[in-house]
Amino acid sequence: MNAVDFDGDGWTDLVVRSGSGGNDFGAGARAIWLLHNDGAGHFVDVTEAAGGTQRRDSSAGRQAHVWVWGDVDNDGDLDAWTGTTSTDLVADNELLLNQGDGTFAYADATNAARSHPATQYGASFVDADRDGNLDLWITSYADAAGSPAQDALYQGDGAGGFADITAAAGLRTEPWNFVGPLNEARAHTRAWAALACDLNNDQRPELLSASYGRSPNHLWQALPEGGYRNQSIASGYAFDYREDWSDNESARCWCTLHPTDEDCAGVPEPENIRCSSDADAFRWDHDYDREPFRLGGNSGQTVCADMDNDGWFDLLTTEIVHWDVGSSSDPSELMFNQGSADPDFRRPGNDWTGLTRDHDRVDWNDGDITGSLFDFDNDCWTDVYVGSSDYPGTRGLLWHQSALRYFEAVPTAVGIDHLRSHGSVVADFDRDGDLDIVVGHSLARCEGECYPTGAIRFFENKVGQDNAWLQLDLVGAAGSNRAAIGARVDVTAGGVTQARQVGGGGGQWGHQDDLRVHLGLGQEATAEVTITWPDAVGSTETFTVETRRRYRVSQGEGATAE
């Protein structure tokens with residue numbers, strides 16, 4: 001889902017999609033909804049009127065599963081890149097140029113971003129070279145043969161054109177052929193999500209790829225001279241440090257049946273599965289699954305935010321975890337930035353941060369795929385939402401940061417009561433000064449607990465209004481991209497400094513929160529704001545504003561109250 005003001009009227013709209021199917025409006029088959037926020041508490045379906053959801057030849061059924069938004073031609077309105085998860089329909093990838101009148105037109109058919117030769121679940125707009133034009137980072141799941149594929153960076157020309165610069169930028173990975181490159185995170189992976197975020201405060205965004213299938217996540221560090229280097233392992237992002245596989249039920253079964261195999265000595269029998277043949281060791285290949293890269297996780301999404309207000313952006317990864325795999329499977333957890341010149345993260349663990357949960361069945365599964373980081377009570381500290389989906393008993397999980405780096409679960413009775421939560425976006429949809437959240441619903445693997453349809457649900461914030469807030473709508477000038485994607489905002493009030501970045505989308509299936517920067521400020525009446533613009537020199541400007549107000553900030557012109 002996306003929460004973006006795609007028609008520029010000041011009210012945040014919604015883009016909602018289904019994970020399958022196309023758009024045949026005549027037959028009623030729908031997979032995409034562009035929903036205009038009318039400012040009166042309603043969302044109006046403008047999908048067909050806006051255009052861009054049918055194929056170029058006007059035939060029905062274009063698939064557009066991934067959406068991200070940015071002003072690629074710097075004309076003052078938001079354009080959209082849409083991608084497909086179907087390898088046989090890569091021609092359905094499209095760049096939609098906003099015409100400024102509520103409609104969209106296709107960019108040139110020869111655009112390189114249209115021909116990305118792999119299925120994709122994630123993409124991010126980013127100004128990788130700080131030339132004032134948005135580039136496009138696309139992460140790949142599989143090629144036409146079903147094998148893991150190369151992620152790609154496409155350089156924007158500021159007029160809606162893109163060119164593949166993956167190799168020139170140093171982003172090439174190796175085929176999925178050899179264990180060595182896989183353990184070193186130098187090989188292709190099955191990317192489920194994308195992210196661009198400046199993680200070492202050098203004003204150059206890092207590129208991240210969160211990967212499914214127990215394959216390493218990728219983190220590419222932006223270099224001062226241009227291009228990128230692979231910091232996946234060194235940063236601690238590729239996978240966690242938990243490599244003890246001896247509590248994996250399938251591994252225990254294998255070693256019970258093959259006690260003389262390497263490393264099997266001392267491995268106990270399984271506790272909760274019946275083990276009478278090799279088929280019972282259904283999740284274990286003893287020659288393969290002891291490798292470090294196979295002891296990682298099934299990452300759904302990575303989100304960046306400064307969780308501890310130390311000025312450095314931290315990461316949350318969401319992960320699918322199965323009950324029988326044991327402690328070697330990476331859980332959803334926060335990774336705290338160590339503030340190094342080379343990105344470096346530490347995982348204190350969920351027992352330390354409080355991001356724990358109880359399971360009421362032996363055969364539990366954490367289906368965490370999507371998530372959001374936002375300050376829902378405007379108390380200056382960022383909170384955590386994780387959408388757990390696709391398995392019995394899974395639901396949306398909300399934690400409140402009650403002390404520095406420590407989180408307490410918010411009961412569903414007063415928080416988010418939503419089963420099988422898949423997809424989430426946050427924005428101040430009703431413009432009352434606090435952040436609301438919209439969540440999606442998965443219909444997969446239902447056991448009688450799914451809702452009748454996959455319809456989204458809107459949760460209106462009823463607590464954030466008790467504290468002060470500040471909202472900033474940034475507009476880049478010449479040298480910066482117009483949407484100010486990549487800009488950094490530092491706001492100090494009451495002795496606390498918070499940092500935000502304007503994001504260009506990412507996540508799985510195209511997650512994008514509102515481009516408008518929102519900060520909760522407790523009971524403070526004024527705040528000092530410093531903006532670092534995403535131009536070649538990192539231009540800055542500082543000013544003081546009153547809280548509980550919205551401001552439009554045009555680069556070099558200061559803030560104007562709305």
Side-chain angles (χ1 to χ4, degrees), residues 83-88 90 112 115-123 137-154 164-195 206-221 227-243 245 248 250-251 254 258 261-263 278 281-300 302 317 319-320 322 325 328-330 508:
T84 177
T85 59
S86 300
T87 52
D88 59 339
V90 292
S115 57
H116 184 71
T119 59
Q120 60 265 191
Y121 286 88
W137 168 238
I138 301 178
T139 56
S140 301
Y141 182 79
D143 60 21
S147 299
Q150 174 71 52
D151 300 333
L153 179 63
Y154 296 90
D164 189 343
I165 59 166
T166 307
L171 294 165
R172 296 290 297 179
T173 46
E174 301 178 30
W176 183 274
N177 292 337
F178 301 103
V179 167
L182 286 166
N183 283 337
E184 297 167 4
R186 293 188 290 108
H188 306 337
T189 59
R190 295 195 182 279
W192 250 17
L195 177 67
E206 275 61 58
L207 303 178
L208 291 84
S209 172
S211 301
Y212 175 73
R214 300 177 77 85
S215 55
N217 299 325
H218 281 161
L219 188 154
W220 297 93
Q221 180 182 355
Y228 291 84
R229 71 178 173 197
N230 191 330
Q231 286 290 107
S232 307
I233 300 292
S235 66
Y237 176 65
F239 34 63
D240 68 17
Y241 51 84
R242 305 173 184 95
E243 295 187 353
W245 49 266
N248 182 308
S250 292
W254 181 268
H258 306 273
D261 277 8
E262 186 177 9
D263 294 331
D278 287 355
F282 63 102
R283 290 196 206 273
W284 192 252
D285 182 320
H286 198 68
D287 293 330
Y288 190 60
D289 287 342
R290 291 175 293 147
E291 296 292 341
F293 86 94
R294 289 291 295 165
L295 299 173
N298 294 294
S299 302
T302 301
T317 59
E319 308 274 353
I320 295 176
H322 302 298
V325 175
S328 67
S329 185
D330 300 8
Q508 191 195 67

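Keep in mind that the numbers below use all heavy atoms, side chains included, and drop hydrogens, waters and symmetry copies.
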Heavy-atom nearest pair, Gln508 first then Gly300, reads CB-O, 3.7 Å
Look at the rings of Trp176 and Phe293 and say which category their plane angle falls in: under 30° parallel, 30 to 60° tilted, over 60° perpendicular. perpendicular
Between Tyr154 and Pro117, what is the shortest heavy-atom contact and its length? OH-CD, 4.3 Å
Can a side-chain donor-acceptor contact be found between Ser140 and His188 if the only test is distance below 3.5 angstrom? no
Report yes if the side chains of Gln150 and Thr166 come closer than 4.5 Å at any heavy-atom pair, otherwise no. yes
Looking at every non-hydrogen atom in both residues, tell me the closest pair between Asp143 and Pro148 and how far apart they are. OD2-O, 4.4 Å
Quick one: CD1 on Ile138 to CG on Asp164, what's the gap to the nearest 0.5 Å? 9.0 Å
Taking the side chain from Ser328 and the backbone from Arg242, do they hold a donor-acceptor pair closer than 3.5 Å? no
If you define the side chain from C-beta out and look only at heavy atoms, does anything of Thr85 sit under 4.5 Å from Tyr141? no
Can you tell me how far OG1 of Thr173 sits from CG of Asp151, rounded to the nearest 0.5 angstrom? 6.0 Å
With rounding to the nearest 0.5 Å, note down the distance linking CZ in Arg294 to CZ in Phe239. 12.0 Å
Just do the side-chain hydrogen bond (donor to acceptor under 3.5 Å, both in side chains) check on His286 and Asp263 with the steps written out, would you? CA-CA 10 Å; His286 198 68; Asp263 294 331; 5.8 Å; no
Check whether any side-chain heavy atom of Pro216 sits under 4.5 Å from a side-chain heavy atom of Thr189, and report yes or no. yes
Could you measure the distance from the OG1 atom of Thr139 to the NE2 atom of His116? Nearest 0.5 Å is fine. 7.5 Å
I'd like to know if the side chain of His322 pairs up with that of Asn298 as donor and acceptor (distance under 3.5 Å, no hydrogens or angles considered). no
dist Trp284:CH2 -> Asn248:CG (nearest 0.5 Å) comes out at 5.5 Å
Closest non-hydrogen atoms of Ala194 and Trp137, given as atom of the first, atom of the second and distance, are CB-CD1, 3.9 Å
Are any non-hydrogen side-chain atoms of Leu171 and Leu207 less than 4.5 angstrom apart? yes
Donor-acceptor pair, side chain of Arg214 and main chain of Gly297, under 3.5 angstrom: no
Short side-chain to backbone donor-acceptor contact, Gln231 and Trp220, under 3.5 Å: no
Has the side chain of Asn217 got a donor or acceptor atom that lies under 3.5 Å from a matching backbone atom of Ser211? yes
Measuring from atom NE2 of His218 to atom CG of Asn230, what distance do you get when rounded to the nearest 0.5 angstrom? 5.5 Å
In this structure, are over 12 heavy atoms from other groups packed under 6.0 Å from Tyr241 atom OH? yes
Pairing donors with acceptors under 3.5 angstrom, does anything connect the side chains of Asp289 and Trp245? no
